[in-house]
Amino acid sequence: MEIGKGKNGMEFNSNSGFMYVVVTIVIVFVLLQSIVFLAKAWKRGKELGMDKQVLRKAVGSSAVFTIAPAVAILLGVIALSKALGFPLPWLRLSVIGSLTYETTAAAAAANAVGSSLSQQIKDPTIFSTIAWVMTLGIIPGLVLVPVLGKRIESGVSKIQTKDSKWGEVFLNGLFLGMISAFLGVVFARVREGLTGWIPVFVMLASALLMLICGLIRKLAKAKWIEEYALPISLLGGMALSIPITTLVQSLVG
Amino acid sequence: MKKERSYRDSVHFIGRFWILGALAMLIAVPVAICVYYSAWPPFGGVLKGFLSVAPIFWTVGVIEVFTYVPMLGTGGSYLGFVTGNLSNLKVPCALNAMDRANVKACSDEGEVISTIAIATSSLVTTVIIAAGVLLLAQIEPFLESPVMQPAFDNILPALFGALGVVFVSKNWKIAMAPLVFMIVLFLLVPSLASSVGILVPVGALIAIGVARILYKKNIL
């Protein structure tokens, strides 16, 4: 079989119109789900007598916060597009996938069939192998949420009805477990020397920005800053990582 | 109270429809590629690739369900698990929105805010990626310039540094033990960085254990 063609001789191109159509259908489906859930939650919020302003602020701050991580995800799409074209990475990174997962899964699959992601995949069989492995790897969440979601929830609500204060402490413990794991990772490269400290410095810079936002809110009574404190600190931390990296590299020489 | 139950039940009902629909569509994508190009892959190749990713990613997938479902609430979970990018985007986004709105996760209001945050975040992500792919020629030099690299390499430290200030300062008594444990662990075994997802429940167990002791002693 000639490389670059399927068994029926159809020319394979990972950026083909066919690929775009398939991927667009799924992305539209997921967009619809987001809109349906947004509308349902909004209606429910009004039923509960929540202030419209609060709901609007949740939309605004979430939208602004999403920008920087979404651009990072876009970079993931661009990186994978060199081997897989745009449609597949686009789908996999905007639906279900995550930045860390997709690249690893695609590389492992390519490796398993004796190929690599260093060049454009032209063989449709290799491409479909990669697509299958990327898909199979993310199935657990989609199956387990409908199967176990209700049970997990009733477990949590049992804890809460039994002792509501402990229920709150329990959930805070869960948040802090996650946050401490991701803060711990920041220290993983410290033993590599000063350059390994860069993530730690960036984390501290961003934490400092968050504290400054809190101070401004208190001193200048600027309540608006509260909504945007996280995006401001995130973007500020990312921006500061540029001079921090330059400085550290000039110190290391 | 009765009304609440019926609302959550209705979210479970439509949530199951959407999440299983998404699963079917996702599986349909490789099927469509195989049929259209007559390119069914060798079973051995798929199996080998699958076996090299499943041990870690299926484990993380299972763990994510148990840790994130209580945080995200009903609607947030059905939507978050379909739209993905949970730990680097959706979960911090929902936690921040609930904190700002001053509502508790798992409360009626928390459920509303979490779902709104995740839905908004999904819509914005999709729009940004679509715009990025369409405008690629214009923005690629900027995004991929070496000057910008540190900013994107350090997105997680910047994100969790800021989020950490909010949640650690509010609960520093609970936070200290898991935080010290994780920092020491990653200093000793840096290679664990690639499987941080597996360590989330470890941190949670430590935090909840410490919280239980402090709570019993009335120190919280």
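Side-chain atoms are counted along with the backbone in the values below, which use heavy atoms only and exclude waters and symmetry mates. Below, read A as the first sequence line, B as the second, and so on, with proteins coming before strands; counting in each chain starts at 1.
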Visitor: By a 4.5 Å heavy-atom criterion (distance strictly below it), what part of Leu192(B) contacts chain A: side chain, backbone, both, or neither?
Guide: neither

Visitor: Heavy-atom distances under 4.5 Å only: say whether Val168(B) touches chain A with side chain, backbone, both or neither.
Guide: both

Visitor: Using only atom types and a distance under 3.5 Å, with no angle test, would you say the side chain of Arg44(A) pairs donor to acceptor with the backbone of Val112(B)?
Guide: no

Visitor: Are the side chain of Ser128(A) and the backbone of Ala39(B) linked by a donor-acceptor contact shorter than 3.5 Å?
Guide: yes

Visitor: Mind running side chain to side chain donor-acceptor pair (under 3.5 Å) on Lys150(A) and Thr74(B) for me, showing each step along the way?
Guide: CA-CA 8 Å; Lys150(A) 222 171 181 173; Thr74(B) 316; over 6 Å; no

Visitor: When only pairs under 4.5 Å are counted, which of Ser52(B), Ser121(B), Gly15(B) shares the most heavy-atom pairs with chain A?
Guide: Ser121(B)

Visitor: According to salt bridge (charged side-chain N to carboxylate O under 4.0 Å, His left out), does anything in residues 89-100 of chain A pair up with another residue at least two apart or in another chain? List the pairs.
Guide: Arg92(A)-Glu102(A)

Visitor: Rounded to the nearest 0.5 Å, how far apart are CG of Leu176(A) and CZ of Phe167(B)?
Guide: 8.0 Å

Visitor: Which value, rounded to the nearest 0.5 Å, describes the distance between Leu48(A) atom CG and Glu109(B) atom CD?
Guide: 5.5 Å

Visitor: Given the options Met19(A), Lys57(A), Gln160(A), Lys165(A), which has more heavy-atom pairs under 4.5 Å with chain B than any of the others?
Guide: Lys165(A)

Visitor: State, to 0.1 Å, how close Cys93(B) and Thr66(A) come at their nearest heavy-atom pair, and which atoms those are.
Guide: SG-OG1, 4.3 Å

Visitor: Report yes or no: does Thr115(B) contribute a side-chain atom to a donor-acceptor pair with the main-chain N or O of Ala41(A) at less than 3.5 Å?
Guide: no

Visitor: Tell me, out of Gly173(A), Ser241(A), Gly237(A), Ala70(A), who's got the most heavy-atom pairs with chain B below 4.5 Å.
Guide: Ser241(A)

Visitor: First locate atom CG of Asp99(B), then atom CD of Glu226(A), and finally report the distance between them rounded to the nearest 0.5 Å.
Guide: 8.0 Å

Visitor: Tell me if the centroids of the rings in Tyr37(B) and Phe12(A) come within less than 6.0 Å of each other.
Guide: yes

Visitor: Given that the side chain runs from C-beta out, which part of Ala94(B) has a heavy atom under 4.5 Å from chain A: side chain, backbone, both or neither?
Guide: neither

Visitor: State the CE-CD1 distance between Met25(B) and Ile27(A), to the nearest 0.5 angstrom.
Guide: 11.0 Å

Visitor: Under the side-chain contact (heavy atoms from CB on, under 4.5 Å) test against Met178(A), which residue among Val91(B), Thr67(B), Leu199(B) passes?
Guide: Val91(B)

Visitor: Could you tell me whether a side-chain N or O of Trp132(A) sits under 3.5 Å from a main-chain N or O of Phe50(B), the two making a donor and an acceptor?
Guide: no

Visitor: Are the side chain of Asn171(B) and the backbone N or O of Asn172(A) linked by a donor-acceptor pair below 3.5 Å?
Guide: no

Visitor: Would you sort out whether Thr120(B) and Ser62(A) count as a side chain to side chain donor-acceptor pair (under 3.5 Å), showing the intermediate values?
Guide: CA-CA 6 Å; Thr120(B) 308; Ser62(A) 303; 5.1 Å; no

Visitor: Please check: side-chain N/O of Arg191(A) versus main-chain N/O of Leu187(B), any donor-acceptor pairing under 3.5 Å?
Guide: yes

